[in-house]
Amino acid sequence: MKEQLSAIIQQALDQLVEAGTLPADHAASYTIERTRDPAHGDLASNVALVLAKVARRKPRELAEQIRDALPDSSVVSQVEIAGPGFLNFFLSDDSSQAVVRRVLEEGKRFGCSSQGQGRRVQVEFVSANPTGPLHVGHGRGAAVGDSLCRLLAATGWNVHSEFYYNDAGAQITNLALSVQARCRGLGPEDPAWPQDGYRGEYIREVASAYLAGETIDAEDRHVTGQGDSEDLEAIREFAVAYLRREQDLDLKAFGVHFDEYFLESALYESGEVEATVERLVAGGHTYEEDGALWLRTTAFGDDKDRVMRKSEGGYTYFLPDVAYHLNKWQRGFERVINEQGADHHSTVTRVRAGLQALEAGIPEGWPDYVLHQMVTVMRDGAEVKLSKRAGSYVALRDLIDEVGRDATRYFLVARAPTSQLTFDIDLALSQSNDNPVYYIQYAHARGCSMLRKLAEQGEEWQTTQGLESLDRLQEEHERALLKRLDQYPEVVASAAQACEPHSVANYLRELAGEFHTWYNAHKVLVEDRPLRDARLALSEAVRQVIANGLELLGVSAPDSM
RNA sequence: GGGGGUAUAGCUCAGCUGGAUAGAGCAACGGCCUUCUAAGCCGUGGGUCGAGGGUUCGAGUCCUUCUACCCCCGCCA
């Protein structure tokens with residue numbers, strides 16, 4: 001719709017250039033946007049305001065000339081000049097009603113586009129090390145990251161989702177020692193408990209499964225417990241598999257899938273870590289100091305240089321991070337998005353600096369990052385700080401078990417990633433109008449319910465007649481819905497482009513609200529057949545868009561509630 | 001001390017990359033079910049957009065200074 005209007009305006013501008021009103025080299029960076037107030041029409045443009053200066057005319061005067069130069073169009077029924085010089089466009093009934101036909105024709109694909117043109121994008125998120133169940137922070141990452149993948153896929157990108165983890169570092173040794181201590185019957189209170197050991201109850205479960213010789217089938221590995229408390233290596237392997245499976249179950253309960261699990265240890269085994277060091281050294285970007293090998297990241301915008309190889313010989317996490325991203329680049333992902341907690345913010349500059357130092361032709365701002373802020377969980381007005389099993393944090397699974405997948409996903413994805421999030425368990429649990437998840441789902445169920453009701457009466461919705469009678473949709477509430485539906489593809493496109501899934505949630509809240517308002521103000525199943533069929537067509541279009549939008553958020557769209 | 005984020009109604013948050021009278025939900029108050037699902041709808045009240053300066057036709061939005069809160073600043077990940 002915007003494109004059609006833009007083309008019309010462009011024609012008018014061309015004509016004004018020809019007439020000498022506008023200079024030929026005017027930079028037309030005007031906007032066309034949807035109006036909030038119906039009195040301002042359906043779409044408005046600031047073109048006259050922006051071009052007033054170069055035209056050396058008053059904005060309103062220029063607006064009039066643009067209006068007079070507009071070609072006749074079946075799309076626009078009326079153009080008004082308002083305020084300081086806005087052009088307000090009123091769409092013709094035909095063009096505003098056409099969206100219903102389009103939604104019903106395109107179905108699940110309505111809202112999809114080909115922006116991405118099949119280009120490959122890799123999205124890395126969650127990336128929790130296998131040292132415990134996922135916590136709510138991971139949950140936010142999972143909700144945002146997964147929704148982002150769905151948005152990118154819907155806008156024509158070839159998406160590859162990835163979970164990166166370390167199965168061999170110091171944290172994992174720590175994990176193995178903790179499990180071993182449990183195998184020996186020790187608890188966190190014992191003096192012999194490993195320093196910085198993992199204290200959660202789940203460690204006890206890992207230990208008893210290991211001792212019982214259970215076999216663990218995780219997404220990416222399968223291990224059987226050896227039962228030998230002295231074999232730390234066997235314990236390590238078993239514990240990693242156990243917690244990977246644990247996280248798989250968390251993710252499954254959350255409805256999140258990954259195309260690939262990438263191991264940090266694989267980068268060592270393949271020699272990529274070593275090759276990365278050599279390349280950085282050869283490039284002359286390193287130096288030795290205090291027995292350690294440093295990378296001069298300050299040459300690429302970092303505020304201090306970073307250690308790559310510790311004086312004791314091991315590498316810091318920074319180096320495999322760089323090697324991993326080089327690997328992503330070499331796999332041909334021209335676009336990479338890393339979704340992480342904002343507490344990892346400091347790695348952004350560092351990784352980018354390391355990649356620049358490689359001199360591998362990687363663009364400066366590559367890769368993209370989406371950083372989400374902290375999540376706090378509230379219950380009864382007080383902050384919940386820990387779960388029994390996990391020990392020191394709130395487990396994602398606890399939340400899913402308590403409030404359900406839909407509510408958990410919705411609340412974690414519905415806020416801008418940059419804002420700190422307060423997860424109110426009481427609100428998520430409430431089955432009332434307090435709860436936006438149910439509010440949206442209810443609108444969907446209502447749409448389904450009307451068709452069921454009609455069927456109960458032994459009648460059915462005449463789709464064709466409905467589409468032929470769209471001109472019967474003249475109520476103010478119906479116009480508002482038509483306009484809102486027409487906006488959906490733009491919402492999806494901009495949410496994908498800006499990596500902001502939460503705007504889909506906001507849109508759905510508004511669409512559902514307008515649907516409920518309409519539903520209460522006007523009866524759909526009226527005697528007047530053409531009107532009934534037209535209204536059902538509108539209702540179906542709304543239902544379809546809600547279903548499509550919820551799908552992007554990973555939230556279900558129930559037929560009845 | 002340095003870097004990043006945030007600051008909008010009593011509370012939780014939107015605000016479409018600078019537009020017209022700043023919005024929604026909750027909470028408060030008052031209405032609507034013999035009629036398609038009341039998990040809904042309608043109405044009322046509620047604001048110095050943290051503070052000061054600047055940029056311009058026009059600023060919640062951009063720049064700058066300051067204040068408050070959160071995160072990071074390790075040869076941990």
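Because the structure is predicted, anything quoted here is derived from the model rather than measured. Below, read A as the first sequence line, B as the second, and so on, with proteins coming before strands; counting in each chain starts at 1.
- In this structure, K310(A) does not reach the G74(B) phosphate: none of its side-chain N or O atoms is under 4.0 Å from OP1 or OP2.
- Taking the centre of each ring, Y369(A) and H345(A) stay at or above the 6.0 Å mark.
- Checking the phosphate oxygens (OP1, OP2) of C41(B), a side-chain nitrogen or oxygen of Y439(A) falls inside 4.0 Å.
- Within the shown strands, U67(B) is the pairing partner of A7(B) under the Watson-Crick or G-U definition, both distances less than 3.5 Å.
- Rounded to an integer number of Å, the gap from CZ of F411(A) to C1' of U12(B) is 10 Å.
- Applying the Watson-Crick and G-U wobble criteria (two distances, each under 3.5 Å), G40(B) pairs with C32(B).
- For a distance-only test at 3.5 Å, the side chain of Y317(A) qualifies as a donor-acceptor partner of the base of A77(B).
- Remark: aromatic rings of H444(A) and F515(A) are distant, center separation not under 6.0 Å.
- A straight line from CD of Q457(A) to C1' of C36(B) spans 8 Å, rounded to a whole angstrom.
- The separation of G40(B) from C33(B), taken at their C1' atoms, amounts to 10 Å, rounded to a whole angstrom.
- For U35(B), the OP1/OP2 oxygens have no side-chain nitrogen or oxygen of K453(A) closer than 4.0 Å.
- Salt-bridge formation is detected for the pair E510(A)/R484(A): a Lys NZ or Arg NE/NH1/NH2 atom is positioned less than 4.0 Å from an Asp or Glu carboxylate oxygen.
- Atom CD in E514(A) sits roughly 20 Å away from atom P in A14(B) (whole-Å rounding).
- Taking atom C1' on both nucleotides, U17(B) is separated from A59(B) by 14 Å, rounded to a whole Å.
- Taking atom C1' in both G60(B) and G19(B), the straight-line distance is 12 Å, to the nearest Å.
- By the rule that a glycosidic angle within 90° of 0 means syn, C33(B) counts as syn.
- Residue S503(A) places no side-chain atom within donor-acceptor reach of the base of C16(B), judged by atom type and a 3.5 Å distance cut-off alone.
- In this entry the base of U35(B) is anti relative to its sugar, with a glycosidic angle more than 90° from 0.
- Between G15(B) and U61(B), the distance separating the two P atoms is 14 Å to the nearest Å.
- Nucleotide A24(B) holds its P atom 11 Å from the CZ atom of R484(A), rounded to whole Å.
- Listed nucleotides: G74(B), G25(B), C16(B). Nearest to the side chain of Q487(A): C16(B).
- In this structure U17(B) sits in no base pair that meets the Watson-Crick or G-U test at under 3.5 Å.
- The separation of C73(B) from G45(B), taken at their C1' atoms, amounts to 48 Å, rounded to a whole angstrom.
- In this entry G46(B) has no Watson-Crick or G-U wobble partner, no candidate having both defining distances under 3.5 Å.
- If you find the closest nucleotide of RNA chain B to A82(A) and to M374(A), the one lying nearer the 5' end belongs to A82(A).
- The side chain of T316(A) has C75(B) as its nearest neighbour among A20(B), C41(B), C75(B).
- Q441(A) and D406(A) share a donor-acceptor pair across their side chains, judged by distance under 3.5 Å alone.
- Using a 4.0 Å cut-off between charged side-chain N and carboxylate O, R529(A) and E459(A) make a salt bridge.
- Of the candidate nucleotides A39(B), A14(B), A20(B), A20(B) has the atom lying nearest to any side-chain atom of R36(A).
- Y507(A) places its OH atom 18 Å from the P atom of A24(B), with the value rounded to the nearest Å.
- For A77(B), neither phosphate oxygen OP1 nor OP2 lies less than 4.0 angstrom from any side-chain nitrogen or oxygen of T347(A).
- Put simply, CG on L508(A) is 20 Å from P on C13(B), counting in whole angstrom units.
- Contact of the P367(A) side chain with the I337(A) side chain is not registered, since no non-hydrogen atoms from C-beta on lie closer than 4.5 Å.
- Across the P atoms, G74(B) and U12(B) are found 32 Å apart, a figure rounded to whole Å.
- A salt bridge links R535(A) with E478(A): the closest approach of a Lys/Arg side-chain nitrogen to an acidic carboxylate oxygen falls below 4.0 angstrom.
- Applying the 3.5 Å distance criterion, the base of A20(B) shares a donor-acceptor pair with the side chain of N88(A).
- Atom NE2 in H477(A) sits roughly 10 Å away from atom C1' in C41(B) (whole-Å rounding).
- Under 4.0 angstrom from either OP1 or OP2 of C13(B) there lies at least one side-chain N or O belonging to T422(A).
- Proximity of S539(A) to Y519(A): side-chain heavy atoms (C-beta onward) are nowhere separated by under 4.5 Å.
- Among the nucleotides C36(B), G15(B), A20(B), the one closest to the side chain of T35(A) is A20(B).
- Listed pair R446(A) / A38(B) meets the phosphate criterion, a side-chain N or O lying under 4.0 Å from OP1 or OP2.
- Base pairing of G1(B): its partner is C73(B), meeting the Watson-Crick or G-U wobble criterion (both donor-acceptor distances under 3.5 Å).
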statement: Its contact letters, B for base, S for sugar-phosphate only and - for none at protein heavy atoms under 4.0 Å, make nucleotides 3-11 of chain B read -SBS-----

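- For the P atoms, the distance linking A14(B) with U8(B) amounts to 11 Å, nearest Å.
- Atom pair H522(A):NE2 and G40(B):P shows a separation of 19 Å (rounding to whole Å applied).
- In the model, Y317(A) has no side-chain atom that pairs as donor or acceptor with a side-chain atom of Q171(A) under 3.5 Å.
- On the P atoms, U67(B) is 24 Å away from U55(B), given to the nearest whole Å.
- Summarising the geometry of L508(A) relative to V545(A), their closest heavy-atom pair is CD2-O, 4.1 Å, with the distance given to 0.1 Å.
- Across the interface with RNA chain B, nearest-nucleotide mapping of E312(A) and L43(A) shows L43(A) to be the residue nearer the 5′ end.
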